[in-house]
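Take a look at the structure set out below.
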Amino acid sequence: MKVMPDQDAATADAGSVAIRSLAPPNCIGITTSFGHLLIEGCVLRAGGQSGRAALASLAEMVARDGPPALAEAEGDFVALVITEAVTYAFKSFTSQYQLYYRENDGEVANRLSRFYDPLTEHWNEDYFARHVLIVPGYQFLSRETPLRGICRVRPGELVRIGADGGVRCEQLVRRDYRYRLDPVQRREDVAPALLALLRASIRDRLAAHPGSRICVEISGGLDSSFIACLLGEQVSSRIRGVMFSQPNLPSHAISEGYAREVADRYGIDLAIVPPDELPQNIDTSPAYADEPSDFFWFGDWFSRAVAQHAEPESMVFTGYGADQLFLRSPAFLPYLLERREFRHFATALAPASRLLSRGKANIAWQSALSQLPDGLHQRLNRAFAGRRWNPWDVGDVNMQRMLGEPVGWLRCGRDIAGYTAERQSLEKDLVGDGILCDDWGYFSAPRTVTQPHFAAKALMDASPFCDLPLLDHVYGHVSALLIHDFEGRYKELLRDCQQGIVPDSLRNRQNDTFVFNSFQLSYVNKARDYFHSLLRTVPDGWIDPKGGAYALEQLSFGMTTSSTRSALALMGYLGWRQAFIRHCREERQAGGSTPPLLASRKNGGSMDPPPDSTPSREVI
């Protein structure tokens with residue numbers, strides 16, 4: 001394999017390691033004795049080093065131990081190692097970034113558009129069906145992509161593509177997470193370690209991009225306010241805060257006061273964005289994204305608004321991921337029952353029943369029904385569909401069961417049961433089946449939502465709650481009984497971590513739920529004509545158009561069913577597909593561009609920045 005030379009590029013030497021920026025702010029090229037190392041994302045720690053030193057350390061590790069050394073690095077990144085004969089592709093375990101490859105010519109790139117050919121386009125109907133059915137984790141666990149014949153590198157996987165055409169996949173990182181159930185453990189026993197991990201995650205992100213501008217989304221709730229306060233501890237200035245306000249709701253007026261209190265304490269320049277200052281139009285020509293999102297509407301209004309307030313090349317910090325780790329869930333009750341943890345189930349039943357305003361017998365019955373096979377329970381549930389009372393309803397403890405009904409207007413792909421069985425098998429292989437997580441794809445979600453809005457200003461999403469060492473510690477050392485504690489307030493463990501950092505008035509608030517339902521409904525009704533125009537672009541045989549149109553009408557009235565949720569996901573896919581095709585066509589007309597990370601047996605590996613990027617520059 002031929003590697004294009006590093007001509008006319010600013011470089012910096014760290015011993016035998018030359019490091020340069022390919023496409024600001026987070027695409028890095030490193031020349032080592034083993035080969036060329038290309039990285040997109042953020043390497044937080046490698047070889048005991050953090051910040052820029054971690055890049056040099058990682059390069060030395062690869063030179064010494066080969067590409068498997070990439071698995072020893074921590075962070076949110078994808079990487080290529082290009083040699084004369086072989087290309088290696090790797091994705092960190094919790095990365096939101098993607099790498100795609102095609103086996104027949106060995107091409108690898110970090111942009112899916114590289115593989116689109118309008119003359120031979122082959123859309124993956126199974127991918128489409130998974131997206132419309134909102135199958136959890138398909139953009140994280142599955143190799144499949146929107147384009148048939150194009151694969152993704154899975155989390156923690158090293159893909160070796162040889163000059164002879166052979167492709168070999170090796171899973172270097174996997175987990176077998178299982179809840180620890182320790183009734184003796186106390187919150188004060190584990191809070192200091194959790195706080196230290198979050199502080200380190202923020203410190204290492206700041207060190208990885210020294211001098212970067214900083215933006216933080218603050219809702220006035222526990223999660224984002226905690227991140228804002230931890231940033232304020234380490235950065236004395238240049239933090240821009242953005243809060244979305246709903247002044248017509250009393251709870252949001254309170255949240256705005258909390259957000260201002262955090263900003264005043266830590267010197268954050270806070271912008272309050274009321275609903276009338278959000279983008280008022282529907283973006284019917286969205287910018288490029290590699291893959292679709294069912295939360296596209298959120299990105300169109302909220303991510304677009306953040307991009308308007310953030311300075312170019314800012315890191316945009318959020319509290320995203322905290323719910324997956326620290327939010328108690330009634331689903332913990334059927335989980336305990338399934339694992340025959342009857343003592344813990346009995347202890348949790350009474351406080352959970354009070355919290356849910358249901359009798360103990362009712363919650364116990366729902367938990368027991370959740371043990372039935374999915375298919376059997378769906379048949380029983382359907383027998384009472386539309387009635388005022390349904391004895392098979394398990395919505396208080398297992399909402400997924402109640403939203404897992406078939407979508408009758410979907411005509412292609414397999415049914416939800418087949419996709420669910422496949423997902424569960426992939427989850428068990430990669431992360432085990434010992435904890436509750438309704439969607440492991442949450443790691444890849446930020447980029448699918450924000451990419452069309454952040455890319456033009458080179459903004460970087462930063463979500464410290466998604467850091468792998470934090471996940472390992474929570475699932476390996478913290479008792480799940482502290483997280484799923486139905487006696488006290490929600491997220492009591494996170495509140496303990498916040499002592500002395502987050503203002504007590506905020507830390508002791510009872511409720512901080514930011515309700516997006518009204519925004520979604522408003523968006524859907526404003527986009528009515530646009531959505532119906534998208535329906536006319538669906539390839540023949542994929543859906544029943546009349547059924548899809550009827551589901552859209554139900555959605556516009558605020559109905560929440562499997563069909564209406566899928567209708568919104570369908571709009572996300574169709575809008576993305578239209579933008580994807582348009583981008584690829586315009587790119588071809590302009591003579592094409594080279595993704596920052598690219599390698600091919602046919603064309604050689606590229607370390608040159610794309611034509612429209614800023615020039616390379618020294619990064620160490």
Side-chain angles (χ1 to χ4, degrees), residues 21 24-26 28 41-45 49-55 74-77 96 192 194-244 256 258-273 303 305-322 446 450 454 457-467 469-470 494 497-504 506-507 617 619-620:
S21 174
N26 61 351
I28 301 295
C42 186
V43 175
L44 297 178
R45 292 166 288 274
Q49 301 293 322
S50 62
R52 297 302 197 188
L55 294 172
E74 296 173 359
D76 174 11
F77 69 94
Q96 63 181 300
L194 294 171
L195 174 59
L197 284 166
L198 282 167
R199 277 178 168 152
S201 177
I202 289 174
R203 181 187 66 238
D204 292 340
R205 277 178 168 79
L206 295 174
H209 297 280
S212 288
R213 300 176 179 91
I214 298 167
C215 181
V216 58
E217 296 180 27
I218 309 176
S219 69
L222 294 175
D223 309 335
S224 60
S225 296
F226 194 17
I227 296 301
C229 292
L230 293 175
L231 278 168
E233 283 186 333
Q234 300 189 38
V235 180
S236 58
S237 62
R238 65 184 171 83
I239 302 178
R240 186 71 189 272
V242 180
M243 183 204 177
F244 300 107
E256 183 175 328
Y258 290 143
R260 291 187 185 279
E261 188 175 358
V262 167
D264 290 343
R265 176 180 288 197
Y266 290 99
I268 297 172
D269 177 19
L270 181 63
I272 304 291
V273 184
S303 298
V306 169
Q308 290 172 356
H309 286 84
E311 294 293 321
E313 296 188 28
S314 291
M315 285 189 288
V316 181
F317 282 84
T318 75
Y320 181 76
T450 64
F454 281 12
K457 294 181 73 171
L459 305 179
M460 298 170 284
D461 177 89
S463 303
F465 284 111
C466 293
D467 209 0
L470 180 63
L494 199 60
C497 298
Q498 297 173 347
Q499 288 190 55
I501 301 167
V502 175
D504 285 340
L506 193 164
R507 194 172 66 84
R617 59 186 180 185
V619 297
I620 284 187

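The structure presented is a predicted model; accordingly, all values stated were derived computationally and were not measured. Starting from 1, each residue takes its place in the sequence as its number.
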Are the side chains of D76 and V43 in touch, meaning some heavy atoms are under 4.5 Å apart? no

Side-chain contact, heavy-atom cut-off 4.5 Å: L197 with D467? no

Side-chain contact test, heavy atoms from C-beta onward, threshold under 4.5 Å: evaluate it for C215 versus V242 and give yes or no. yes

Say you draw a straight line from OH of Y266 to SG of C229; how long is it, rounded to the nearest 0.5 Å? 4.5 Å

Are T450 and S303 linked by a side-chain donor-acceptor pair shorter than 3.5 Å? no

Less than 3.5 Å apart, any donor N or O on the side chain of S463 or D461 sitting next to an acceptor on the other? yes

For a 4.5 angstrom cut-off between non-hydrogen side-chain atoms, does L506 reach V262? yes

Between CG on residue L222 and CG on residue L494, distance to nearest 0.5 Å: 6.5 Å

Should the pair E233-R199 be classified as a salt bridge under the 4.0 Å nitrogen-to-oxygen rule? yes

Can you tell me how far the CD atom of E261 sits from the CG atom of L270, to the nearest 0.5 Å? 12.5 Å

For the residue pair Q49 and A53, what are the closest heavy atoms and their distance? OE1-CB, 3.7 Å

Quick one: does R240's side chain get under 4.5 Å of I268's, heavy atoms only? no

Are any side-chain N or O atoms of S314 and backbone N or O atoms of V316, one a donor and one an acceptor, separated by less than 3.5 Å? no

Distance (rounded to the nearest 0.5 Å) between I218 CD1 and I272 CD1: 8.0 Å

Distance from F317 atom CZ to L231 atom CG, nearest 0.5 Å? 5.0 Å

M460 side chain reached by H209 side chain, heavy atoms, under 4.5 Å: yes

Calculate, to the nearest 0.5 Å, the distance between atoms SG and CG belonging to C497 and L198 respectively. 7.0 Å

Would a distance-only check, ignoring hydrogens and angles, find a side-chain to backbone donor-acceptor pair under 3.5 Å from R238 to I214? no

Report yes if some heavy atom in the side chain of P446 is under 4.5 Å from a heavy atom in the side chain of Y320; otherwise report no. yes

